[in-house]
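Reading through the structure tokens given below for one structure.
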Amino acid sequence: YRYLTERERGREREGETRVGAMNGLSLGQNTIPMKDHDAIKLFIGQIPRNLEEKDLKPLFEEFGKIYELTVLKDRFTGMHKGCAFLTYCARESALKAQSALHEQKTLPGMNRPIQVKPADSEGRGEDRKLFVGMLGKQQSEDDVRRLFESFGQIEECTILRGPDGASKGCAFVKFSSHAEAQAAINTLHGGQTMPGASSSLVVKFADTDKERTLRRMHQMAGQLGIFSPMTIQFGAYGAYTHAQMMQQQAALMAATQGSYLNPMAAIAAAQMQHMAAFNVNGLVAAPMTPSSGTSTPPGISAAAVPSIATPLGVNGFSALPPQSNGQPASEPIYTNGIHPYPGKEEPTPLQLAYFNRLLSKHSFPQQPAIIPQQQREGPEGCNLFIYHLPQEFGDAELMQMFLPFGNVISAKVFVDRATNQSKCFGFVSFDNPSSAQAAIQAMNGFQIGMKRLKVQLKRPKDANRPY
DNA sequence: TGTTATT
């Protein structure tokens, strides 16, 4: 059975394939076969490939009336897979067959004894298996066994490893009973933190097939940059999974929509207080419509809004110095990505422009539905590190804040896992360096309440910390 | 200064 592919095992659980089922054949033609409510579906392994249902039937009928006997065959080639599923009408028959046959005799031409045991689809099979996360990378199978052995009989213990053999910091542990597994969860989950791990031990039941499929889909969607559920519906996945995706997305969208307004309003309010002290060319609080990125508020000449009117602007912003339009610059603009905080309390023209956009409730272009992304780094020069974020900012708010500068391929606020509180820093990645530079120009030093945003290029992985 | 990983 261990040679079955994962697809076949999944098919077994879904009950999709029934080849040569004997349902209704073994009994009188007018009789609907009945089985016990708690009947056990058995997996039969190590069957010679020349034996079909009719050949196997006599062997197993010895232990009771057969409800269904199905030889597993390749879905496409129809080839005999050397194994079968067997359900007796009576639960007792299955138990008898198992104890009499399992590993007890070897069928002709086979070099291993026949396997007779409850199929994985019979519940109880997989609810004894635990996923263990947040292990130390150097912990061995034996280390993990020692950790779990006091809770019961361990049937299997596997550390997940990459191609190079390095531990992924997680493992599967299979107990002989559900109760043992549950006891291990109760005691170990969230307990000690292993050396080198970033959080306390995770002990939970392993994913079911459906959960695994969903997770893989999400990963794939993230990697391919698929944003809409419609993109997926013609893919290689089943309808039920698609329906689940839709539900999840709807929930996510609702959550995102509901949460992003308040923090943004908070920023706008903070900025408004701050800005009330200034009046630059009458621009303060003058709304700008996004659909016409170069428009000016009533009564304001276009020349008074240089940074907005620049043709090279991205979504109304420009990485070019505002003085290029003949307007006095309130401060120098730096293009090396390391922009000192503005030395005075006055916002830069770019910040002003941004503020104006913030104040307009239509300021942000409508984005397509977005699946939360895997944290993706963009190319060199496209990734920003942002510090001093407002406490209430999440990924969605961070993304909203940087969308005006270009295509945000990832926005991630770091969260303390223990408290679920933002660590007030995060990452934003664009798909091109110009957008990243425009964001730095506009947002570095951007004042929110008593803090100023720090917006820099993300430090490369190999960079030495000078301090 | 990209955190948690599902044979």
Check your understanding: Is any side-chain heavy atom of A:Phe393 closer than 4.5 Å to a side-chain heavy atom of A:Met401?
Key -> yes

Review point. Can you check the A:His189 NE2 to B:dT4 C1' distance for me, whole Å?
Key: 11 Å

Exercise for review: Please answer whether B:dT7 and A:Phe172 are stacked, defined here as ring centres separated by less than 5.5 Å and planes angled under 30°.
Suggested key: yes

Check your understanding: Can you find a donor-acceptor pair, distance only, under 3.5 Å between A:Thr158 side chain and B:dT7 base?
Key -> no

Revision key, fill the gap. From CZ of A:Arg215 across to C1' of B:dT7 the rounded distance in Å is 11 Å

Practice item. Scan A:Val132 against the nucleic acid and name what it touches under 4.0 Å (heavy atoms): base, sugar-phosphate only, or nothing. Key: nothing

Practice item. Starting at atom CG of A:Leu201, determine the distance to atom C1' of B:dT6, rounded to an integer number of angstrom. Key: 15 Å

Check your understanding: Side-chain donor or acceptor of A:Lys168 under 3.5 Å from a matching atom on the base of B:dT7?
Key -> no

Practice item. Grab the CG-P distance between A:Asp416 and B:dT1 for me, whole Å please. Key: 14 Å

Exercise for review: Report which part of the nucleic acid A:Lys204 touches: base, sugar-phosphate, or nothing (heavy-atom distance under 4.0 Å, all strands).
Suggested key: base

Practice item. Identify which nucleotide among B:dG2, B:dT1, B:dA5 has an atom closest to any side-chain atom of A:Lys412, counting heavy atoms from C-beta outward. Key: B:dG2

Check your understanding: Could A:Lys423 and A:Phe414 be counted as a cation-pi pair, given that NZ or CZ must be under 6.0 Å from the ring centre and within 45° of the axis?
Key -> no

Check your understanding: Do we see a donor-acceptor contact under 3.5 Å between the side chains of A:Ser434 and A:Gln437?
Key -> no

Check your understanding: Would A:Glu141 and A:Arg146 pass as an ion pair if we require N to O under 4.0 Å?
Key -> no

Exercise for review: Check every strand shown and say whether A:Arg161 touches a base, only sugar-phosphate, or nothing at a heavy-atom separation below 4.0 Å.
Suggested key: nothing

Exercise for review: Check the distance between B:dT1's C1' and A:Leu453's CG and give it to me in whole angstrom.
Suggested key: 16 Å

Practice item. With the side chain of A:Asp207 defined as its heavy atoms from C-beta on, choose the nearest nucleotide among B:dT4, B:dT6, B:dT7. Key: B:dT6

Check your understanding: Is a salt bridge present between A:Glu180 and A:Lys174, judged by a nitrogen-to-oxygen distance below 4.0 Å?
Key -> no

Practice item. Would you mind telling me which of B:dG2, B:dT7, B:dT1 lies closest to the side-chain atoms of A:Gln456? Key: B:dT1

Check your understanding: Does NZ or CZ of A:Lys412 lie under 6.0 Å from the centre of the six-membered ring of A:Phe427, at an angle within 45° of the ring axis?
Key -> no

Point to revise | Nearest-nucleotide pick for A:Lys458, side chain only, options being B:dT1, B:dT6, B:dT4 | key: B:dT1

Point to revise | Nearest-Å distance for atom pair CG/C1', residues A:Leu384 and B:dG2 | key: 13 Å

Check your understanding: How is A:Ser429 classified with respect to the nucleic acid when contacts are heavy atoms under 4.0 Å: base, sugar-phosphate, or nothing?
Key -> base

Practice item. Look at the side-chain N and O atoms of A:Arg212 and state whether any lies under 4.0 Å from the OP1 or OP2 oxygen of B:dT6. Key: no

Check your understanding: How many Å lie between CD1 on A:Ile159 and P on B:dT6, as a whole number?
Key -> 14 Å

Point to revise | Atom-pair distance (NZ on A:Lys174; C1' on B:dT6), nearest Å | key: 14 Å

Check your understanding: OP1 or OP2 of B:dT7 sitting under 4.0 Å from any side-chain N/O of A:Arg216?
Key -> yes

Exercise for review: State which of B:dT4, B:dT7, B:dT6 makes the closest approach to the side chain of A:Ala206.
Suggested key: B:dT6

Point to revise | Residue A:Phe425, side-chain heavy atoms: nucleotide from B:dT6, B:dT1, B:dT4 that is nearest | key: B:dT1

